Amino acid sequence: MGLSEKLEVAVRDIENQFYLDDDFLIKASDFFEKSMKQGLAASKPSKECMPMIPTYVTSLPTGKEKGLYLAADLGGTNFRVCSVDLKGDHTFDLKQSKYKIPSELMHGKKADELFHYLATKINDFLCEHHQETTQKNGKTLKLGFTFSFPVEQTALDKGTLLRWTKSFDIPDTVGRDVVQLLQANLTVLEANVKVVALANDTVGTLLSRAYANNPEYTHANTVIGLILGTGTNGAYYATIDDIPKLKGVPEGTKGMVINTEWGSFDNTLEILPDTIFDQIVDSETTNKGYHMFEKRVSGLFLGEILRVALLDMFEKGLIFQDLYKARGGSLPHRLVEPWLLDSEVLSYIQIDDSTNLKMSELILQNTLRLPTNEDERIVIQRLTRAISKRASQLAAIPIASIVRVVKEQWKGDNRDLEIGCDGSVIEFYPGFRDAIMKSFNVIDPLKGSNKKVHLKIAKDGSGVGAALVAATTE
Ligand code: BGC
């Protein structure tokens with residue numbers, strides 16, 4: 001039995017709002033390339049412009065780098081501290097600890113509250129794994145700090161926060177140097193650590209994949225570092241002539257890794273789709289009007305878009321009506337409250353092929369305390385698929401556009417191109433990578449060449465990458 005006509009019409013209407021055709025993808029990719037150029041030329045960051053931040057990383061690793069380095073990684077919901085022993089043969093040994101950041105520190109009043117917490121965790125890690133550093137006059141370790149928010153970098157170890165994204169909002173940090181904040185708090189604890197480099201997680205992922213990749217065996221060169229998890233972003237190596245805004249680099253510098261901050265692609269919504277659901281989600285965020293691309297693509301937002309669409313259907317009297325009555329005029333609070341529908345839930349619903357969608361019934365019951373009838377589950381699955389399909393199509397746009405730009409650098413080399421990827425959505429969301437590649441092939445940036453592009457998961461990329469950035473310092 002299908003849905004009632006009324007429900008079918010309503011679902012189809014929402015599916016249509018999330019539909020993107022091939023022409024859109026091609027146009028959007030041209031527009032992305034134009035936005036990259038604008039961002040690389042603009043000397044001041046602005047809302048209209050994709051940040052395209054020079055990172056002061058001027059070359060990619062060869063796989064021969066050696067030594068013991070620390071890395072600290074602040075990006076999503078966890079803070080990770082690791083030590084990386086680079087072996088010089090594309091391999092490394094890794095020790096790491098992960099700490100869930102207390103949510104009150106993510107929205108605190110003072111930057112030092114958060115940075116003191118981070119420094120304490122680094123110190124705890126040293127006490128547990130590297131006692132040789134903890135005595136007075138002990139060995140000082142160099143640390144690469146992965147800080148996955150838009151930062152205006154002025155040197156490898158200097159960068160001021162432009163704005164918070166994802167779930168962070170500590171206003172007094174904006175405009176301050178995050179390396180100094182971390183170093184000052186480490187110094188208070190007398191930790192033998194020197195913060196020598198700042199890296200975005202995408203830069204870390206690019207570097208760690210480039211280190212692990214041996215092109216002799218994979219027949220591919222690593223060209224992009226991509227994150228698609230809570231947030232989304234990418235980094236790539238640009239030749240110096242392509243970065244007009246970069247002034248005063250040492251003679252002989254051939255190029256630099258650029259942190260695109262593609263989450264802020266098309267903040268002014270010239271071409272991005274903008275459904276009423278996207279508008280509601282944006283209105284609930286602390287960085288309204290910014291990172292508009294990210295808000296359509298990454299894990300933090302997919303569940304929220306679905307939640308908002310379901311509430312809209314409820315308000316139109318189409319779903320959850322019996323439930324509402326049975327509860328005496330209310331809906332489960334986890335459905336009503338923003339941000340509680342995790343995109344992991346969508347990843348199960350996406351591929352549920354059980355009879356009557358029984359698996360989804362259980363998952364919705366367990367995660368949202370939401371009882372559903374079969375029609376409601378059909379609706380939820382169709383909307384989930386429409387939202388995730390649009391996200392995968394959109395995710396292909398920056399990848400294809402950057403590939404079109406960097407393919408010039410590899411003209412004389414017949415190996416394939418590969419993209420180091422990290423993040424829960426790209427790693428775990430069923431079918432997401434295949435769906436991205438489908439749209440990538442529609443845009444077809446490698447037209448006329450025999451090269452192919454491979455998406456490679458670079459596990460722990462950002463930590464190892466930060467260590468690699470630290471390894472480039474004297
Ligand atoms: C941040 C980026 C980061 C990305 C993935 C975005 O919200 O602005 O700096 O790379 O999330 O973590």
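This one's a predicted model, so the numbers in the text were calculated from it and none came from an experiment. Just the heavy atoms: all of them, side chains too, but no hydrogens, waters or symmetry mates, feed the values below.
In this structure, the separation between CG on D413 and CG on N221 is 4.5 Å, given to the nearest 0.5 Å. Note that the CH2 atom of W339 and the CG atom of L300 stand 5.0 Å from one another [nearest 0.5 Å]. Atom-to-atom distance recorded for Q350:CD and S347:OG is 8.5 Å, nearest 0.5 angstrom. Atoms SG and CD1, on C421 and I227 in that order, are 8.5 Å from each other to the nearest 0.5 Å. For the atom pair CG of L383 and CD1 of I14, the computed distance is 5.0 Å after rounding to the nearest 0.5 Å. Taking CG from L126 and CG from L70, the interatomic distance works out to 5.5 Å, rounded to the nearest 0.5 Å.
Two residues are said to be in side-chain contact when any heavy atoms from C-beta on lie closer than 4.5 Å; L346 and L341 meet this criterion. Residues F145 and V469 are not in side-chain contact: their nearest non-hydrogen atoms beyond the backbone lie 4.5 Å or more apart. Taking 4.5 Å as the limit, every side-chain heavy atom of T384 sits out of range of all side-chain heavy atoms of V345. Under the 4.5 Å side-chain criterion, counting only non-hydrogen atoms from C-beta, V403 is not in contact with S401. Within the 4.5 Å cutoff, the side chain of T253 has no heavy atoms near those of the L246 side chain. Using a 4.5 Å cut-off on side-chain heavy atoms (C-beta onward), M36 and Y236 make contact. Inter-residue side-chain proximity for L40 and P244 is flagged as met; some heavy-atom pair is nearer than 4.5 Å. Considering only heavy atoms from C-beta on, I240 stays 4.5 Å or farther from K254 through its side chain.
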Under 3.5 Å donor-acceptor pairs involving side-chain atoms of residues 151-167, not counting sequence neighbours:
| residue | atom | partner | partner atom | Å |
| --- | --- | --- | --- | --- |
| Q153 | NE2 | T55 | O | 3.2 |
| Q153 | NE2 | A155 | O | 3.1 |
| Q153 | NE2 | L156 | O | 3.4 |
| Q153 | NE2 | L198 | O | 3.4 |
| R163 | NH2 | S264 | OG | 3.1 |
| W164 | NE1 | I170 | O | 3.1 |
| K166 | NZ | G75 | O | 3.0 |
| K166 | NZ | S148 | O | 3.0 |

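Applying the salt bridge (charged side-chain N to carboxylate O under 4.0 Å, His left out) test to residues at least two apart or on different chains, none of the pairs has a partner in residues 99-111. Every pair passing side chain to side chain donor-acceptor pair (under 3.5 Å) that includes a residue from residues 188-198 is listed here, sequence neighbours excluded: K136-E190. Every pair tested for salt bridge (charged side-chain N to carboxylate O under 4.0 Å, His left out) that includes a residue from residues 434-455 fails, sequence neighbours excluded, so the list is empty. Each ring-ring contact (aromatic ring centres under 6.0 Å, His included) pair with one or both residues in residues 443-465, not counting sequence neighbours, would appear here, but there are none. Pairs of residues two or more places apart, or lying in two chains, that qualify as salt bridge (charged side-chain N to carboxylate O under 4.0 Å, His left out) and include a residue from residues 417-430 are R209-E418, E427-K459.
For the pair Y211 (side chain) and T91 (backbone), a donor-acceptor distance under 3.5 Å is present. Q38 places no side-chain N or O within 3.5 Å of a backbone atom of C49 that could act as its donor or acceptor partner. When atom types are taken as modelled, the side chain of N78 and the backbone of K98 share no donor-acceptor pair closer than 3.5 angstrom. R296 places no side-chain N or O within donor-acceptor distance of the main-chain N or O of D278, the cut-off being under 3.5 Å. Side chain of D172 to main chain of A111: a donor-acceptor pair is present (N/O by atom type, distance under 3.5 Å, no hydrogens or angles). Looking at N259, its side chain never comes within 3.5 Å of a backbone N or O of N200 through a donor-acceptor pair. Listed for the Q409 side chain is a donor-acceptor partner under 3.5 Å among the backbone atoms of Y237. Between the S439 side chain and the A396 main chain, no donor and acceptor come within less than 3.5 Å of each other. T205 places no side-chain N or O within donor-acceptor distance of the main-chain N or O of L226, the cut-off being under 3.5 Å.
Residues K95 and F125 share a closest heavy-atom pair of O-CZ, 3.5 Å. The shortest heavy-atom contact between Q17 and T275 is O-CG2, 3.6 Å. Minimum heavy-atom separation, K407 to P445: NZ-O, 2.8 Å. Scanning all heavy atoms of the two residues, the minimum distance from S462 to T146 falls at O-OG1, 3.2 Å. Taking both residues in full, the closest heavy atoms of D124 and Y99 are given as CB-OH, 4.4 Å, listed atom of the first, atom of the second, then distance. Between P150 and H291, the closest heavy-atom pair is CG-CE1, 4.1 Å.
Counting heavy-atom neighbours within 6.0 Å of N450 CG, excluding the residue itself, gives a total of 12 or less. Atom CG of D13 has more than 12 heavy atoms from other residues, nucleotides or ligands within 6.0 Å.
For the 3.5 Å distance criterion, the side chains of H130 and S83 qualify, holding a donor opposite an acceptor. Side-chain contact of K295 with T285: a donor-acceptor pair under 3.5 Å is present, judged by distance alone. A donor atom on one side chain and an acceptor atom on the other are not found under 3.5 Å apart for D241 and T239. Side-chain contact of N123 with T120: a donor-acceptor pair under 3.5 Å is absent, judged by distance alone. There is no side-chain donor-acceptor pair under 3.5 Å between D201 and N233.
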| field | side-chain contact (heavy atoms from CB on, under 4.5 Å) evaluation trace for M292 with D274 | value | CA-CA 9 Å; M292 299 307 254; D274 190 32; 5.6 Å; no
| field | Verdict with reasoning, L182 to F147, per side-chain contact (heavy atoms from CB on, under 4.5 Å) | value | CA-CA 11 Å; L182 183 60; F147 185 77; over 6 Å; no
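Using a 4.0 Å cut-off between charged nitrogen and carboxylate oxygen, E270 and K34 do not count as a salt-bridge pair.
Taking the six-membered ring where the residue is Trp, F293 and F265 present perpendicular rings, their angle passing 60° and hence far from 30°.
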